[in-house]
Amino acid sequence: MKKKAVVYLLVAVMAMTISGCSGKSAEEKSSEAETSSEEAKTTEADTVEDTDSEEGSEELELLRKYVDVDAYIAGEGVVDANVSDEISEEMQVDGHTLRIGMGYDEVLAEGFTPTDDAFSQEEAYAVAVTCDFTTDQGKTARLGFICEEGQTVADGVLYSVNVQQLEDTDETTVPAYSVMGISGDTTIPEIVSVLGEPYQIEDPAWSDFLNVGFEYNCKETSRYLTFYVNLDTEEIVSATLEGYAE
């Protein structure tokens, strides 16, 4: 369910362009020129695709300020050497500790209330299901749960914690949070200083904003910490801790 790395996407596009322009005879090139002329009447979808490519290039240039982009290109979007020895299983949200693997009732006891009364009866086998929860301070975090086959969320355990600070999010609804020394007002340079360069850079050359994901992966456990950041402002726009307890 992870999105492809933006660097890998751009590398694939460049590879296609290079292979399409090499080793062609004069006749082939002439034929392609005629075809290109016919294709000059692009559809709206073509135009969007071209724009996306340009936006992706801008993202790459901004990324160079913070990480070794060439290493991600060489690794097709990931850098194996950047895998983390440990990813915390805890995230502090509005002063409460949420721990990956804690039971549904334990989450409720920490002062979190689902916005959907029926959420606890959903089945969450193999794939986690999520719901917005309000804290005892009236703020909102999105929590995900997973359970055994035939069980419901009420029997399940916490799989993910997500706090969104998107550009269009009402700031009064965003809870205070902290995970591995990173909080809501941490900037990109500070993230890299504390956690190092990420294992993978996620997402989207097609974003309306210059947002990409810095994903940190745990070497020994299936646990992930991802910060979506705005490359222009250097601010965090969402933070997600997910995975399994040891």
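Quick note: numbers below take in every heavy atom, side chains included, and nothing from hydrogens, waters or symmetry partners. Numbering of residues begins at 1 and proceeds along the displayed sequence. The structure displayed is predicted, hence computed values, not measured ones.
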Stepwise side chain to side chain contact (heavy atoms under 4.5 Å, CB included) test for Glu235 and Thr186: CA-CA 7 Å; Glu235 297 174 340; Thr186 304; over 6 Å; no
Flag the pair Cys218 / Tyr224 as yes when at least one side-chain heavy-atom distance between them is below 4.5 Å, and no otherwise. no
Any side-chain heavy-atom pair of Val237 and Val229 under 4.5 Å: no
Consider only side-chain N and O atoms of Tyr216 and Gln200, and report whether a donor and an acceptor are under 3.5 Å apart. no
In Å and rounded to the nearest 0.5 Å, what is the CG to CD distance from Asp185 to Gln165? 8.5 Å
Excluding sequence neighbours, so at least two apart, what forms salt bridge (Lys or Arg N to Asp or Glu O under 4.0 Å) with Arg64? Glu61, Asp70
I need the Asp232 CG to Leu62 CG distance, nearest 0.5 Å. 6.5 Å
Start with the C-alpha distance between Thr240 and Val161, add both sets of side-chain angles, then the distance that settles side chain to side chain contact (heavy atoms under 4.5 Å, CB included), and finish with yes or no. CA-CA 6 Å; Thr240 304; Val161 182; over 6 Å; no
Would you call the rings of Phe133 and Phe145 parallel, tilted or perpendicular, taking 30° and 60° as the class edges? tilted
Answer whether the closest heavy-atom distance between the side chains of Gln164 and Thr140 falls below 4.5 Å. no
Taking every heavy atom of Thr130 against every heavy atom of Ser160, the minimum-distance pair comes out as CG2-OG, 4.4 Å
State, with a plain yes or no, whether a side-chain heavy atom of Leu195 is found less than 4.5 Å away from one of Ser84. no
If we only count heavy atoms from C-beta on, is the Val79 to Glu197 side-chain gap below 4.5 Å? no
d(Glu90 CD, Leu98 CG) to nearest 0.5 Å is 9.5 Å
Criterion side chain to side chain contact (heavy atoms under 4.5 Å, CB included) on Asn230 and Val212, from CA distance to verdict: CA-CA 7 Å; Asn230 184 309; Val212 297; over 6 Å; no
CG on Leu108 to CE on Met102, rounded to 0.5 Å: 9.5 Å
More than 12 heavy atoms of other residues, nucleotides or ligands under 6.0 Å from CD of Glu86: is that the case? yes
So, Asp136 side chain and Gly111 main chain: donor-acceptor pair closer than 3.5 Å or not? no
Residues Tyr228 and Glu215: side-chain donor-acceptor under 3.5 angstrom: no
For residues 103-124, which residue pairs qualify under side-chain hydrogen bond (donor to acceptor under 3.5 Å, both in side chains), counting only residues two or more places apart or in two chains? His96-Glu110
Pair Asn217-Ile87, side chain to side chain contact (heavy atoms under 4.5 Å, CB included): steps then yes or no: CA-CA 7 Å; Asn217 289 18; Ile87 296 293; over 6 Å; no
Is it the case that the side chains of Thr97 and Gln92 hold a donor-acceptor pair, with the cut-off being a distance below 3.5 Å and no angle test? yes
To check you understand the geometry: which heavy-atom pair defines the closest contact between Cys147 and Val153, and what is its length? SG-N, 4.5 Å
Looking only at heavy atoms, what is the nearest atom pair of Ile191 and Ile182, with distance? CA-CD1, 4.0 Å
Report yes if the side chains of Val78 and Tyr72 come closer than 4.5 Å at any heavy-atom pair, otherwise no. no
Glu220, CD atom: more than 12 neighbouring heavy atoms under 6.0 Å: no
Are Leu143 and Tyr125 linked, directly or through intermediate hydrophobic residues, by side-chain heavy-atom contacts shorter than 4.5 Å (ILVMFWY only)? no
Please give the remaining members of the hydrophobic cluster of Tyr244, linking ILVMFWY side chains under 4.5 Å, ordered by chain and number. Ile146, Val157, Tyr159
Please check: side-chain N/O of Thr135 versus main-chain N/O of Lys139, any donor-acceptor pairing under 3.5 Å? yes
Just so I know, are the side chains of Glu202 and Thr226 near enough to count as touching, which here means a heavy-atom distance under 4.5 Å? yes
Any side-chain donor paired with an acceptor under 3.5 Å for Thr187 and Glu190? yes
Any side-chain heavy atom of Tyr199 sitting closer than 4.5 Å to one from Phe214? no
Restricting to non-hydrogen atoms, name the atom on Ala245 and the atom on Arg223 that form the minimum distance, rounded to 0.1 Å. CA-NH1, 3.9 Å
Determine the minimum heavy-atom distance between Gly184 and Ile236, stating which atoms define it. O-CB, 4.5 Å
For Ser88 and Leu241, which heavy atoms make the closest approach, and how far apart are they? O-CD1, 3.2 Å
Using the rule that Ile, Leu, Val, Met, Phe, Trp and Tyr join whenever any side-chain heavy atoms are under 4.5 Å apart, tell me whether Phe227 and Val192 fall into a single cluster. yes
